[in-house]
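Remember, it's 1-based here, ligands and their atoms both numbered in the order they're listed.
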Amino acid sequence: MKKTILTGLRPTGNLHLGHLFGAGQNYVKMQDDYEFFLEIADVQALTDNFHNPEKVRHNVYEITADLLSIGLDPKKVHFFIQSKIPEIAELTVFYSNLVTVSRLFRNPTVKAEVAQKKELFGKNGESITYGFLGYPVSQAADITAFSGEVIPVGDDQLPLLEQCREIVRKFNHIYGDTLIEPEPKLSNFSRLKGLDGNEKMGKSLGNAIFLVDDKETISKKVMGAVTDPSKIRKDDPANPEICMVYYYHKLVTPQNELETVCKECKSGKRGCVACKKELIHNLCEFLKPIQKRRKQYVDDPKRITEILEEGTNLARKRATENMKKVKEAMKIDY
Ligand code: TRP
């Protein structure tokens, strides 16, 4: 029997290279060896986008197309929409008895997000909503509704996983052994730096290269990338290890070419503009097959709807079975 993977993504924007190197490539590798449930977490996205439902709706399809474009096979991965699984909402209510409000306030992921979203939740988080504060509980429901065993996540999600494990232990302690305690699986490449030198590539940081970006967009972004500040003239030698252009070359440039890039940079034989142009070319080549596959799906939007429907039906079946066990354990199986 294959183990079950469950992971989720908030549909709030397109995937960028950070998602691909940090998570997506790992998903592609894992899809053969696990029963793989992939949740498009629209309800969770609404916890901080409740005022913007069109954005969430639109991105359900965008993010599904992005995930398919990187090579996830809908025959192997069950794509499903969170809001179509009412058992998740039901479990969230049951689990909310097992979590204290102060524990949620202390969750580092929640704290960090509240600090980032001042215009939504107030300068000191005084306007935080019940729904946002409680999303870790809902995420525990996401995982356990499908008895997810292995949860591939970035390190920013570890406090949410820990919170889920606590809920599972408490549930099993009170109501008897029912739920499986999930294990996080960290990808070995958890953070991709931004072209601006920021420690993280992120949509909100404005430094991301999206999988759907065309050459013109990529050119603009790469031309503004941070290079070794000590290099002033074209033929000054420089240190590639502190250059964001070289950092991205390492991801997409073939090995022999990469060695040349490094050597020429160190010896002052290569100007930054030429080096950036080469990177732009290589990034476009790298994204070409991804964008080609994406186009095949996008040109046939019915196919995307079908994939979501099939995955959601299967996920719903699994959730219904688990719900039965939960209700029996809680003595509410009338
Ligand atoms: N919180 C995750 C994120 O922001 C998305 C998510 C929703 C998730 N449900 C999940 C991740 C369940 C892992 C398991 O990226």
Side-chain angles (χ1 to χ4, degrees), residues 3-16 18-24 26-27 30 34-49 55-56 59-60 62-64 66-67 72 77-85 87-89 91-92 95 104 107-114 116-117 120 131-168 179-187 190-192 200-205 208 311-312 315 318-319 322:
K3 277 197 176 181
T4 299
I5 280 194
L6 179 294
T7 194
L9 290 113
R10 292 184 193 181
T12 52
N14 283 106
L15 297 187
H16 52 64
H19 294 119
L20 178 65
F21 288 103
N26 245 1
Y27 297 171
M30 288 187 283
Y34 293 88
E35 180 88 29
F36 198 151
F37 290 90
L38 209 170
E39 176 180 282
I40 312 297
D42 60 341
V43 177
Q44 190 177 113
L46 284 165
T47 61
D48 58 349
N49 289 278
K55 170 176 148 190
V56 174
N59 280 304
V60 167
E62 285 295 310
I63 210 165
T64 306
D66 284 348
L67 289 163
L72 288 175
V77 178
H78 317 304
F79 291 85
F80 70 96
I81 302 180
Q82 184 185 10
S83 60
K84 299 279 282 180
I85 314 285
E87 286 77 10
I88 296 175
L91 285 174
T92 304
Y95 295 167
L104 289 168
N107 185 310
T109 311
V110 173
K111 261 175 139 170
E113 283 174 286
V114 171
Q116 270 169 22
K117 291 169 189 157
L120 201 56
F132 189 79
L133 181 66
Y135 96 75
V137 184
S138 158
Q139 186 155 319
D142 291 343
I143 293 169
T144 51
F146 311 96
S147 37
E149 295 168 275
V150 179
I151 318 298
V153 284
D155 52 5
D156 61 316
Q157 295 286 306
L158 288 178
L160 296 173
L161 247 288
E162 199 39 52
Q163 185 115 49
C164 174
R165 288 160 59 90
E166 280 174 35
I167 292 173
V168 167
L179 305 173
I180 295 178
E181 211 173 307
E183 300 282 345
K185 192 174 166 77
L186 278 181
S187 64
S190 64
R191 205 146 275 182
L192 186 64
K200 192 180 170 189
M201 175 178 277
K203 190 178 33 188
S204 52
L205 298 166
T312 301
R318 174 81 82 111
N322 281 336

**OP:** Measure the shortest side-chain to side-chain distance between Leu158 and Leu186 over non-hydrogen atoms and say whether it is less than 4.5 angstrom.
**Re:**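 Yes. Closest side-chain heavy atoms under 4.5 Å.
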Original post:
When Glu39 is tested against each of Thr7, Ile81, Ile88, Ile85 for side-chain contact (heavy atoms from CB on, under 4.5 Å), which residue passes?
Top reply: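 Single side-chain contact (heavy atoms from CB on, under 4.5 Å) partner of Glu39 among Thr7, Ile81, Ile88, Ile85: Ile88.
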Original post:
If you look at every heavy atom in Gly148 and Pro182, which pair is closest and at what distance?
Top reply: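 Minimum heavy-atom separation between Gly148 and Pro182: O-CB, 3.6 Å.
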Subject >> With Thr12, the side chain to side chain donor-acceptor pair (under 3.5 Å) member among Lys203, Gln44, Glu62 >> reply: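 With Thr12 as partner, Lys203, Gln44, Glu62 yield a single side chain to side chain donor-acceptor pair (under 3.5 Å), made by Lys203.
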**OP:** Show your reasoning for whether side-chain contact (heavy atoms from CB on, under 4.5 Å) applies to Thr4 and Ile180.
**Re:** CA-CA 11 Å; Thr4 299; Ile180 295 178; over 6 Å; no
Original post:
Excluding sequence neighbours, so at least two apart, what forms ring-ring contact (aromatic ring centres under 6.0 Å, His included) with Phe146?
Top reply: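 ring-ring contact (aromatic ring centres under 6.0 Å, His included) list for Phe146, sorted by chain: Phe37, Phe80.
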**OP:** Please list, by chain and number, the protein residues whose heavy atoms come under 4.0 Å of ligand 1.
**Re:**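 Ligand 1 pocket, heavy atoms under 4.0 Å: Leu6, Thr7, Gly8, Arg10, Glu39, Ala41, Gln44, Gln139, Asp142, Ile143, Ile151, Val153, Gln157.
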